[in-house]
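Take a look at the structure below.
Heavy-atom basis, side chains included; hydrogens, waters and symmetry copies ignored.
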Amino acid sequence: MSENRLIQPEELAALAHYASARSLTHLEYSDGKTSFEMSLAPNELAPAQAPEQPDSTTIPVKAASPGHITLLRELVPGALVKNGEIIAAVEAGDVRMPIVCATSGTVASVEAVDQQFVSYGTFVAAIIPNGA
Amino acid sequence: MIRIVQPGPQCTVQDLGRKGLRKIGVGVVGALDTFALRIANIMVGNGEGAAGLECTLGGTEIVFEQETTFALTGADPAATLDGLPVPAWWVRVAPQGATLKLAMPRSGMRSYIAFAGGLDVPLVIGSRSTDLKGGFGGHNGRALCAGDQIGIVKTGSGSGVQGAGFGLAPARLGLQPVERSQATDVRFVAAAEWTELKASSRDLFTSTDWRIEPDSNRVGYRFTGAPLELARPLELLSHGILPGTIQLPPSGLPMVQMGDANTCGGYPKLGVVISADLPKLAQASLGTAVRFSECTVDEARSAGAEVEARLQHITRCIDLAKRMAA
């Protein structure tokens, strides 16, 4: 069973961003043993900031949920990736959400490291599309 | 519809088996790692007992003839979908014409693939499982062959999964099979002839590692080690046995009946592997070590309840993941 990890301010902030991006004002969690409710203050309801794109010639790969990132393959600059490839997963509690490349190409830069806590929209990698 | 390009060493259609029919000589069969199949079915939105594929030691290649949501659980076969990796314990949508390939798992024996809707094979004596000994059920009563085509039941409600899907965190949920270098711990409840073993053999059985023989299969696992001895010769009439029964043939080397267990046998019974640990034993690789430890009936029931509690927790996780992805 999972331990209760929702204790770090950065994790709560990421949850707030996640909820905000989905126009949620109230979150409830229960796993049978632990339960909590979280209501978002008005100043936390601003849309999540669009992350800065490192280079306009690259395509960003971003986390789609908050949690700890697990790289599912070796991800280094110069590595080849394919459109639709799941290059990493975000462990949000006991589930994994995919981080998917939207284009085939070459990894230009890697912004996240294995097991780093990421929030919704965090840059994971930048991809130079084939033919660019 | 799916088409089998390569079946691998043994790929069969299985659900949760035929229950309550051993008295008329019909074995249980069904998925050996029932936990993995149940989770795979939950991931694709099926009932827990829908028919899927049990792939032994990888080597399976299938083509999706229609867009299909599928889940992959059990041993991690380093699967690829059209050349792109599919993580273990993952559910996703395969486009029409996509090819799923399973390699040999690094640990564990059996991978399970569930398909949204379930495999559309006939219900035979209450189950869609393949009975390999009886030659009925599943797809034509046999392991799958290259060229086989199997339909998928159409679903009205959908799987709730989109695109790249989502997965479970195997390490956090304790879903990873035991590494080949490590022994698999298995609990058993003592059976009628346990006390007929010499005291030294009872100690030996629970204090040493037993290696799974290469000729083990879905019917039973044979073990090597120092032979066990009975306190006196026993001659028994054949009697009912079930998956998990630990028998002692004249060689003195124990064997455990698995999912395709015979319905009766005459060897002395040392014990019965508890149902909570049978999936773990089913994933123990040939040649690896197994350690047996005795437990009480109450402990076996508690272990069973823990399995069900884990399943409920995982079901909630899957529901959450579907809502997150929506």
Side-chain angles (χ1 to χ4, degrees), chain A residues 1-6 14-15 17-19 21-24 27-35 61-75 79-104 114-115 119-120 124, chain B residues 39 42-43 67 69 71-73 76 78-95 97-100 160-176 305-326:
Chain A
M1 295 295 172
S2 65
E3 58 191 301
N4 181 6
R5 301 181 60 89
L6 296 169
L15 271 177
H17 270 301
Y18 177 80
R22 285 162 171 72
S23 304
L24 301 173
L27 287 174
E28 288 183 31
Y29 170 85
S30 174
D31 65 5
K33 289 181 187 170
T34 309
S35 62
V61 180
K62 294 185 283 187
S65 59
H68 291 265
I69 193 168
T70 298
L71 300 180
L72 297 175
R73 54 160 289 172
E74 189 181 27
L75 208 59
L80 298 177
V81 292
K82 293 178 183 171
N83 187 9
E85 182 173 352
I86 304 170
I87 57 170
V90 174
E91 290 199 0
D94 291 339
V95 299
R96 285 177 157 185
M97 304 308 289
I99 298 176
V100 183
C101 281
T103 183
S104 297
D114 203 36
Q115 297 308 311
S119 59
Y120 180 78
V124 173
Chain B
I39 292 176
I42 294 166
M43 290 177 95
E67 182 181 282
T69 300
L72 183 64
T73 62
D76 179 5
T80 58
L81 184 69
D82 279 345
L84 301 179
V86 181
W89 299 89
W90 201 273
V91 58
R92 66 166 302 161
V93 178
T99 300
L100 178 69
V161 178
Q162 294 169 359
F166 62 88
L168 297 171
R172 290 172 63 91
L173 291 164
L175 298 172
Q176 289 166 315
E306 281 172 24
V307 168
E308 295 308 311
R310 280 179 71 205
L311 197 76
Q312 282 184 20
H313 172 73
I314 291 169
T315 301
R316 285 196 297 269
C317 290
I318 291 167
D319 185 48
L320 175 68
K322 285 182 179 177
R323 281 187 280 144
M324 283 173 75

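- Contact record, A/Met97 with B/Trp90: C-CH2, 4.1 Å, taken as the closest heavy-atom pair.
- Heavy atoms closer than 4.5 Å to chain B are found in the side chain of A/Glu91, but not in its backbone.
- To the nearest 0.5 Å, the span separating CG on A/Asn83 from CG on B/Asp82 amounts to 12.0 Å.
- One finds the CG atom of B/Leu84 at 12.0 Å from the CD1 atom of A/Ile87 (value rounded to the nearest 0.5 Å).
- By the 4.5 Å heavy-atom criterion applied to side chains, B/Pro87 and A/Ile86 are counted as neighbours.
- Taking both residues in full, the closest heavy atoms of B/Cys317 and A/Val95 are given as O-CG1, 3.2 Å, listed atom of the first, atom of the second, then distance.
- Among residues two or more places apart in sequence or in another chain, the salt bridge (charged side-chain N to carboxylate O under 4.0 Å, His left out) test is passed with B/Glu308 by B/Arg38.
- In this structure, the salt bridge (charged side-chain N to carboxylate O under 4.0 Å, His left out) partners of B/Asp319, at least two apart in sequence or on a different chain, are B/Arg323.
- Inter-residue side-chain proximity for B/Trp89 and A/Arg96 is flagged as unmet; no heavy-atom pair is nearer than 4.5 Å.
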